[in-house]
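Scroll down for the structure; my scribbles are underneath it.
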There are 2 protein chains.
Amino acid sequence: MGIADRKEREKLEMRAKILDAAKHLFLEEGYSSVSLRRIADSIEYSPSTIYLYFKDKDDILFALHNLAFQELYHRQRQNLQIADPIDRLQAYLSTYLEFALDNREYYDLMFIQYAPASKIKEKAEWRYGRRAYEALRDTIRQCQEAGYLKSVDPDATAFGLWSFVHGLASLIIRHRLPMFSANQREKLAKQAMEMLNEMLELSRVQH
Amino acid sequence: MGIADRKEREKLEMRAKILDAAKHLFLEEGYSSVSLRRIADSIEYSPSTIYLYFKDKDDILFALHNLAFQELYHRQRQNLQIADPIDRLQAYLSTYLEFALDNREYYDLMFIQYAPASKIKEKAEWRYGRRAYEALRDTIRQCQEAGYLKSVDPDATAFGLWSFVHGLASLIIRHRLPMFSANQREKLAKQAMEMLNEMLELSRVQH
DNA sequence: TTATTTTCTGAACACTGTTTATTTAGTGAA
DNA sequence: TTCACTAAATAAACAGTGTTCAGAAAATAA
């Protein structure tokens with residue numbers, strides 16, 4: 001059944017084509033200011049064609065959301081092999097911040113923008129997020145076993161550390177730092193990360 | 001000129017009326033899903049009337065933005081009188097988080113939502129934000145003089161600590177914690193705050 | 001009562017996401 | 001090649017959006 005195969009392939013190609021166009025437009029101008037007609041124009045199809053491949057505009061966002069999570073997951077993979085838990089934790093958080101600042105619109109869409117909770121929950125692809133979170137918490141558990149971070153609830157610690165890097169990233173991305181120049185912002189974020197690292201090391205109980 | 005005075009007063013009342021209606025609608029359903037026609041309906045005026053009192057929809061948002069900053073500033077005022085800098089710092093951060101969770105849509109609009117940077121900069125009312133930030137940095141300076149927080153750049157430290165509480169708040173407000181129940185989230189946020197407080201106290205150099 | 005200014009509104013404009021009926025193109029059989 | 005059938009693409013329409021503007025209504029001044 002070569003024809004059915006080709007049709008399947010073409011269907012996937014069309015999806016990828018729409019996704020690619022949407023991605024570029026969204027990254028350049030932001031989700032809400034890009035209309036379906038603009039996406040349709042850029043791939044030279046009519047707006048209604050898009051509805052044959054995606055349920056609605058949010059569905060496109062959701063597909064990109066998944067791609068972005070895969071990309072982040074890919075970046076973090078190498079960190080998982082670091083043996084020392086506190087080194088791994090620090091690398092994990094640094095990589096997270098780097099990803100956020102290197103892919104601002106992606107990050108925006110993953111962790112800042114309003115995405116109907118139902119949508120994220122429904123589809124099982126939120127797995128990537130969950131897995132990433134659990135990797136963080138496991139690392140924290142191992143840090144605690146090594147004497148770091150006292151014995152606060154690992155979930156609370158994971159939430160706290162995640163919040164720290166998310167806060168840095170999202171204040172930058174959403175332009176809430178008019179008191180600093182653009183150069184300063186990233187420099188200060190790095191300094192803040194260093195401060196966090198020092199505090200993590202300082203958290204070690206001395207027996 | 002009593003008539004001119006009354007007209008002036010009525011103009012302000014009308015502005016307040018629109019603002020109040022918009023505030024309630026925004027807080028309930030979010031900025032972008034509330035239309036001007038809905039606001040107009042709720043105050044029983046035509047949509048075009050609103051344009052006599054506000055430049056555009058964003059201008060309403062901006063006015064609310066300022067009201068919200070005043071409210072936060074008001075909450076923080078009492079903390080400024082705490083003598084011990086580390087206590088003051090902790091109170092400052094806790095109050096910030098409480099404000100965020102008590103006024104989620106307000107907080108959203110102040111620190112998460114896209115607000116054209118130009119708009120925030122232009123108007124001098126960003127003073128409130130700047131002043132709040134400087135109060136934080138000054139407190140951090142005093143903490144450093146008292147031996148806490150080593151001697152990292154105060155701006156980096158302020159940015160870092162602010163990011164921590166902003167991260168907690170915004171991950172909750174933007175529903176990025178499907179791995180926790182609603183109850184758990186706020187409990188974990190409080191635990192994370194306690195962890196931060198412990199780390200702050202731990203940061204004291206031992207001479 | 002009239003003239004003038006201020007306040008308000010209905011209708012329109014250009015846009016949005018989305019749906020539906022219709023047209024076009026591609027496929028399999030006679 | 002011709003026919004019937006299926007799948008893909010579209011034009012047109014719908015209900016909604018923020019915003020503008022000419023003209024109606026109301027309030028003030030003469």
Side-chain angles (χ1 to χ4, degrees), chain A residues 1-23 25-26 28-65 109 113-116 118-119, chain B residues 1-23 25-26 28-65 109 113-116 118-119:
Chain A
M1 276 294 149
I3 289 176
D5 287 358
R6 201 203 67 221
K7 289 225 166 184
E8 182 96 2
R9 215 166 51 233
E10 283 175 350
K11 195 137 197 159
L12 287 176
E13 274 167 23
M14 187 65 169
R15 255 186 85 95
K17 194 171 185 171
I18 295 169
L19 234 40
D20 193 58
K23 174 184 161 185
L25 286 170
F26 289 170
E28 275 166 34
E29 309 175 34
Y31 176 71
S32 57
S33 64
V34 172
S35 72
L36 276 174
R37 284 168 178 82
R38 294 266 315 282
I39 300 172
D41 273 2
S42 84
I43 56 168
E44 297 178 299
Y45 279 83
S46 82
S48 25
T49 300
I50 292 175
Y51 285 85
L52 300 174
Y53 298 88
F54 294 94
K55 194 183 144 285
D56 52 28
K57 196 188 174 190
D58 276 351
D59 201 30
I60 301 175
L61 187 76
F62 188 74
L64 288 175
H65 187 269
L109 169 168
Q113 224 155 85
Y114 252 130
S118 59
K119 274 221 152 187
Chain B
M1 275 299 147
I3 288 175
D5 287 359
R6 200 202 68 221
K7 289 225 166 187
E8 182 96 3
R9 216 167 49 235
E10 282 175 351
K11 195 138 196 157
L12 287 176
E13 274 168 21
M14 187 64 168
R15 255 186 84 95
K17 194 171 185 169
I18 295 169
L19 234 39
D20 193 57
K23 173 184 162 184
L25 286 169
F26 289 170
E28 274 167 34
E29 309 176 34
Y31 175 71
S32 57
S33 65
V34 172
S35 73
L36 276 174
R37 284 169 178 83
R38 295 264 315 280
I39 300 172
D41 273 1
S42 85
I43 57 167
E44 297 179 300
Y45 279 83
S46 82
S48 25
T49 300
I50 292 175
Y51 285 85
L52 301 173
Y53 298 89
F54 294 93
K55 194 182 145 285
D56 52 27
K57 198 187 173 191
D58 275 351
D59 202 29
I60 301 175
L61 187 77
F62 189 74
L64 288 175
H65 187 270
L109 168 170
Q113 224 155 84
Y114 253 129
S118 59
K119 272 222 154 184

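Just so you know, these numbers use all the heavy atoms, side chains as well, and skip hydrogens, waters and symmetry mates. Letters A, B, ... mirror the listed sequences (proteins, then strands); counts begin at 1. Keep in mind that this is a model prediction, so the values were computed, not measured.
The interatomic distance linking B/Lys11 (NZ) with C/dT6 (P) rounds to 9 Å, in whole Å. Put simply, CG on B/Leu25 is 12 Å from P on D/dG18, counting in whole angstrom units. For the pair A/Lys57 NZ and C/dT19 C1', the computed distance is 17 Å after rounding to whole Å. In this entry the distance linking CG of A/Leu36 with P of D/dG16 reads 19 Å, nearest Å. The distance from atom CE of B/Met14 to atom C1' of D/dA26 is 14 Å, rounded to the nearest whole Å. For the pair B/Asp56 CG and C/dA14 P, the interatomic distance rounds to 20 Å; values are reported in whole Å. Put simply, CD1 on A/Ile39 is 11 Å from P on C/dT16, counting in whole angstrom units. Atom CD in A/Glu10 sits about 10 Å away from atom C1' in C/dG26, given to the nearest Å.
With D/dT20, D/dT28, D/dT17 as the candidates, the nucleotide lying closest to the side chain of B/Lys7 is D/dT28. For A/Tyr51, counting side-chain heavy atoms from C-beta on, the closest listed nucleotide (D/dA9, D/dT19, C/dT19) is C/dT19. Considering only the side chain of B/Arg6, D/dA27 comes nearest among D/dA27, D/dT10, D/dT19. Among D/dA9, C/dG17, C/dT9, the nucleotide with an atom closest to any side-chain atom of B/Leu52 is C/dT9.
Positionally, the nearest nucleotide of DNA chain C for B/Glu44 lies more toward the 5' end than for the other of A/Tyr31 and B/Glu44.
More than 12 heavy atoms of other shown residues, nucleotides or ligands fall within 6.0 angstrom of atom CD in A/Glu29. The environment of CD in A/Glu44 is sparse: at most 12 heavy-atom neighbours from other residues, nucleotides or ligands sit within 6.0 Å.
At D/dA9, one or more side-chain N or O atoms of A/Tyr53 fall inside 4.0 Å of OP1 or OP2 (strictly under the cut-off). The shortest distance between the side-chain N/O atoms of B/Ser48 and the OP1/OP2 oxygens of C/dT9 is not below 4.0 Å. For the OP1/OP2 pair of D/dA9 and a distance below 4.0 Å, the side-chain nitrogens and oxygens of A/Ser46 include no atom meeting the criterion. For A/Thr49, no side-chain nitrogen or oxygen approaches OP1 or OP2 of D/dA9 to under 4.0 Å.
A/Tyr31 and A/Asp58 share a donor-acceptor pair across their side chains, judged by distance under 3.5 Å alone.
With hydrogens and angles left out, the side chain of B/Arg37 and the base of D/dG16 share no donor-acceptor pair within 3.5 Å.
Shown here for A/Pro47 and A/Arg37, the closest heavy-atom pair between the two residues is CG-CG, 3.7 Å. Between B/Leu64 and B/Leu19 the shortest heavy-atom distance is CD2-O, 3.8 Å.
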